[in-house]
Amino acid sequence: MSAPERLLREPAGHDTVTSTRGASVTRRSATRLGGITGGAVRLRRGWRRAGDGAVRAVRWVRETVSPAGMLLAVLAVGGIAAGWAFGWMEAWVVAVIAGVLLLACVPFLLGAHDYRVRLELDRDRVVAGSEIRGGLDLVNEGRRLALPGVVDLPVGRGLVEAHVPLLRAGAHHHEELVIAAQRRGVIDVGPMTVSRGDPLRILRRELSWPEVQRVYVHPVTAQLPPSSAGLIRDLEGAPSSQLVDADLSFHAVREYVPGDSQRHIHWKATARTGTLMVRQYEESRHARIAVLLDLDLEGYRDEDEFELAVSAAASLGVQGVREGRDVLVGVSAELDPDDRGSVQAMRSLPTISPRVLLDATSAIEGASADDADARVIRLESLAALVARSFADLSIAYLVTGAEVPTARLRRAAVALPPGIAIVAVRCEPGAEPGLRRSRELAVLTIAELDDLGQLLARGAGR
C-alpha cells in the first residue's frame, strides 16, 4: 500500500493532511463522543446560538425602539412588578397605559419598504454663499400600500427631513430640496435613511442607502487684472542674472573663444573692433509663482479674516493658472502627533486647472501653531521649506492675517530665495487698504477681496 493510501485511511478521530506534489488533501473524520462530552459540546453550541440571538435582539431593539419607547417599556415592566408586589392600583394603571401605547405603535411597523430612491443635485460645485437645489424621487415598487415615512438626509453636519406620504403600489413622490452653502467647505450629502414609525416616534423601522454625494463649496474669488498674478509682462520669460550663450534676452557682446557657435558672431561689433565678437545672453525663465497661505489661526482675529485670506490666496492662484503660469500654492501639511515639534512639512495644492485648485482650497482648515498638539507650521517655516524645495521662483505671495507683525513677514521674506519679488497680502477687514514698501518686500493691506485687484491694478508688485 502506498504512503498516500495509508494516510487517507487513518482511524477515525484524527485530522490528516497529505501533500502530493504540491497539492494538499485534508480529511476530517467524525468521532463518536461519550454522553458527558457530547452534552458539553451541545451545551456550548446552544450557548453560542443563544448569545448570537441575544446580540441580534439587542441590535434590533436599539434600531427599532426609541428612547421614549424604552421609557414606556420600563414603565410597563415596573408597573406590573410594583402592582404585583405591593398591590398598587396606580402601578397597574401606569403599566396598562404604557403597554397599550406600545401595542398601538406596532401596526405602523408592519409591511416592508420597497422604495426606489433617487437624489439629484443641480450642482456639485458652488461658491460660498450660494444655494444647492435638488430633487428627491421615491417610487413604491412593491405590490402593497406603503405607509407614510420620513427620509433623513445628512447634509454635512446638518440633517434635512423629507416627509413621504402614503403611497400606493407604483406611486411616485417628488420632494424639492434646498441646501444652503453659506460657508466654504466640503459637504457630504448622504447616506439617506428612510424611516417609518408611529406618530409619537416610539417605534421605527429604517432602510438606508449608502450612496454619498460630495459638494465642493469654493471660496469667493476676485477677478484680478491680467498678468497681475505674476506681475511679469513679457511673454518669453523674465531674464535672470545668469549669463548663457544662447537665449532670447540679449545682454552684451564679448570676444570669441574657441568652442563658441559661429551663429552668434556679432559682425558689426567685429568690424568695428577688428576682433571676432559674439553675442551673450541672459538666461530667461518663465514666471514661477508661489502663493503661501498662512494656516496659523493665531495670525487671524476671527474666522471671517481667515476666510478672506483663503479667498485672496485662491484668487492669486487661479489667476496664475488661467494665464498658464507655473503656480505653487503652498500650505502647511498636517503632522503626525509623534512628529509635532520636531518635523516641519508642507503640501502643495494641485494646480492642474482652476477647478481642481478651488476643490483643494475648499478643504483647507486652519489650526494654531502654538498649541502642544500643533498641526500647522508658521509662515516663516513654510517659506523656508519652499526655498529649499522649489527653485527658480519669480515672485512669492505671503497671505496672512492682521495679527502677524511686519517683523515676521520680513523673516519669511528673507527665508525665500534672493532676487525674487515678494508681496505680503495682509487681510484686515475694516482697515484702510494700502501699500507699504520695504527693502525685503511690499505689504498690501486689504479690507475686502475687491481691494486685492485694485491694488494689483495699480502695479503694487512692480
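Keep in mind that what you see is a predicted model, and the values were worked out from it rather than measured.
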message: Using the rule given for side-chain contact (heavy atoms from CB on, under 4.5 Å), can you reason through L293 versus V310, listing the C-alpha separation, both sets of side-chain angles and the distance that settles it, and then say yes or no?
response: CA-CA 7 Å; L293 175 61; V310 174; 4.0 Å; yes

- prompt: Do side-chain atoms of S315 reach the backbone of A222 as a donor and acceptor pair under 3.5 angstrom?
  reply: yes

task: Examine distances only and state if a side-chain atom of R184 and a backbone atom of I364 form a donor-acceptor pair shorter than 3.5 Å.
output: yes

task: State whether the side chain of S130 and the backbone N or O of V126 hold a donor-acceptor pair below 3.5 Å, judged by distance alone.
output: no

message: Regarding R118 and D137, does a basic nitrogen lie under 4.0 Å from an acidic carboxylate oxygen?
response: yes

field: Heavy-atom side-chain contact between P191 and V212 under 4.5 Å
entry: yes

- prompt: Does N140 reach the main-chain N or O of R144 with its side chain, forming a donor-acceptor pair under 3.5 Å?
  reply: yes

- prompt: Could R133 and E176 be called an ion pair, given the rule that one side-chain N must be under 4.0 Å from one carboxylate O?
  reply: no

side-chain hydrogen bond (donor to acceptor under 3.5 Å, both in side chains) pairs, two or more places apart, involving residues 355-367: R125-D359, H218-D359

query: Between D294 and L398, is a side-chain contact (heavy atoms from CB on, under 4.5 Å) present by the stated rule, with each step listed?
result: CA-CA 8 Å; D294 188 6; L398 309 177; over 6 Å; no

query: Can you find a heavy atom in the side chain of M192 that is under 4.5 Å from one in the side chain of L119?
result: yes

- request: Kindly indicate whether the side chain of M277, heavy atoms from C-beta on, has any atom under 4.5 Å from the side chain of K268.
  value: no

message: Ignoring hydrogens, what is the shortest heavy-atom contact between M70 and V65? Give both atom names and the distance.
response: N-CG1, 3.4 Å

- prompt: Going by heavy atoms in the side chains, are V318 and L357 under 4.5 Å from each other?
  reply: yes

query: What is the distance from atom CZ of R254 to atom CG of L276, rounded to the nearest 0.5 Å?
result: 10.5 Å

message: Assess, by modelled atom type and distance only, whether the side chains of E428 and T445 contain a donor and an acceptor separated by less than 3.5 Å.
response: no

- prompt: So how far is it from D296 CG to L382 CG, rounded to the nearest 0.5 Å?
  reply: 11.0 Å

message: Ignoring hydrogens, what is the shortest heavy-atom contact between P429 and L308? Give both atom names and the distance.
response: CG-CD2, 4.0 Å

message: Heavy-atom count check: over 12 atoms from other residues, nucleotides or ligands less than 6.0 Å from E448 CD?
response: no

- prompt: Between the side chain of T273 and the main-chain N/O of T275, is any donor-acceptor distance below 3.5 Å?
  reply: yes

task: Identify whether the distance between the nearest side-chain nitrogen and carboxylate oxygen of R183 and D304 falls below 4.0 Å.
output: yes

task: For the pair S208 (side chain) and T193 (backbone), establish whether a donor and an acceptor sit closer than 3.5 Å, ignoring hydrogens and angles.
output: no

field: Flag side-chain contact, heavy atom, 4.5 Å: L385 against F390
entry: no

message: I want to check something: taking the side chain as every heavy atom from C-beta on, are R322 and P354 in contact at a cut-off of under 4.5 Å?
response: yes

message: Tell me whether D260 contacts the main-chain N or O of V257 through its side chain, where contact means a donor paired with an acceptor under 3.5 Å.
response: yes

query: Between atom CG of L444 and atom CG of L456, what is the distance when rounded to the nearest 0.5 Å?
result: 6.0 Å

message: Could you report the tightest heavy-atom contact between Y300 and G401, atom names first, then the distance?
response: CE2-N, 3.3 Å

task: Could you check V327 against R288 for side-chain contact (heavy atoms from CB on, under 4.5 Å), going step by step and ending with a plain yes or no?
output: CA-CA 6 Å; V327 182; R288 189 173 195 184; over 6 Å; no

message: Ignoring hydrogens, what is the shortest heavy-atom contact between R123 and I132? Give both atom names and the distance.
response: O-CG2, 3.9 Å

- request: For the residue pair L177 and L153, establish whether any side-chain heavy-atom pair is separated by less than 4.5 Å.
  value: yes

field: N-O pairing of E323 and R325 below 4.0 Å
entry: yes

- line: Of E440, E403, E380, E298, the one forming a salt bridge (charged side-chain N to carboxylate O under 4.0 Å, His left out) with R408 is E380

message: Side chains of V291 and L349, heavy atoms from C-beta outward: is any pair under 4.5 Å?
response: no

message: Between R157 and D188, does any side-chain N to carboxylate O distance fall below 4.0 Å?
response: no

task: Return yes if some donor-acceptor pair links the side-chain N/O of E307 with the main-chain N/O of E303 below 3.5 Å, else return no.
output: no

Under 3.5 Å donor-acceptor, T400 side chain and R426 backbone: no

query: So Y216 and I187, side-chain contact (heavy atoms from CB on, under 4.5 Å) or not? Walk me through it.
result: CA-CA 6 Å; Y216 293 93; I187 301 177; over 6 Å; no

- prompt: Atom CG in L316, atom OH in Y397: separation rounded to 0.5 Å?
  reply: 5.5 Å

message: Please give me the minimum heavy-atom distance between H174 and G135, naming the atom from each residue.
response: CE1-CA, 3.7 Å

- request: First locate atom OH of Y256, then atom NE2 of H264, and finally report the distance between them rounded to the nearest 0.5 Å.
  value: 11.5 Å

- line: d(I202 CD1, L102 CG) to nearest 0.5 Å is 6.5 Å

query: Looking at S394 and I420, what are the two nearest heavy atoms and their distance?
result: O-CB, 3.6 Å

